[in-house]
Amino acid sequence: MINFFEKSWLIKLKFIIKTKLNEISPFGKKINTVIPFFTEQDFIKSHPTFKINLENLKNMRDDIIHTKSKENSSTVGNSILKKTLNFNYELAIESVAKYINFYEPDKIKECPCDANF
């Protein structure tokens, strides 16, 4: 049985590991190596086509978040606008849901209301 001190220490250790992992490990390494190592399951090997969808979503996010760091921001802004208008959001959401449900089954479920969002 774990006492309060041990539990508190483990929680702090998990937080430190998670924080450091986020600082030092790029997204691709996390989904391709780190998460499969700790979970002993590999979504990317089981569903290789979804890897591209997850990477596209990550790249879209990076383009939007890091726009100010680009040299010619007006050209970059136009490029990002075109990408966002042509981005397949439904496929990205489906891929993320499959990824999460692979590691935590039934974590994300479809709405039973039959609404078309």
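Keep in mind the model is a prediction, meaning the values are calculated, not measured.
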Practice item. Apply side-chain contact (heavy atoms from CB on, under 4.5 Å) to the pair N53 and E94, showing each step before the final yes or no. Key: CA-CA 9 Å; N53 301 334; E94 178 186 337; over 6 Å; no

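- Scored by the side-chain contact (heavy atoms from CB on, under 4.5 Å) test, I100 finds V96, K107, I108 as partners (sequence neighbours excluded).
- Taking every heavy atom of both residues into account, Q41 and Y103 meet most closely at O-OH, 3.4 Å.
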Pair up each side-chain donor or acceptor in residues 54-61 with any protein partner under 3.5 Å, not counting sequence neighbours, and list the distances.
unit_1, atom_1, unit_2, atom_2, d
N56, ND2, I52, O, 3.4
K58, NZ, D62, OD1, 2.8
K58, NZ, D62, OD2, 2.5
N59, ND2, E55, O, 3.2

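- Residue T84 holds its OG1 atom at 5.0 Å from CG of L81, rounded to the nearest 0.5 Å.
- Legend: residues meeting ring-ring contact (aromatic ring centres under 6.0 Å, His included) with F87, ordered by chain and number and at least two apart, are Y89.
- Every residue was checked against the salt bridge (Lys or Arg N to Asp or Glu O under 4.0 Å) condition with E40, not counting sequence neighbours, and none meets it.
- No side-chain heavy atom of I35 sits less than 4.5 Å from a side-chain heavy atom of F102.
- For K29, the salt bridge (Lys or Arg N to Asp or Glu O under 4.0 Å) criterion is met by no residue, not counting sequence neighbours.
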Side-chain donor/acceptor pairs under 3.5 Å, residues 42-49, sequence neighbours excluded:
unit_1, atom_1, unit_2, atom_2, d
D42, OD1, I44, N, 3.1
D42, OD1, K45, N, 3.2
S46, OG, D42, O, 3.0
H47, ND1, F43, O, 3.4

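- Looking only at side-chain heavy atoms (C-beta outward), K83 and I64 stay at 4.5 Å or farther from each other.
- For K82, the salt bridge (Lys or Arg N to Asp or Glu O under 4.0 Å) criterion is met by no residue, not counting sequence neighbours.
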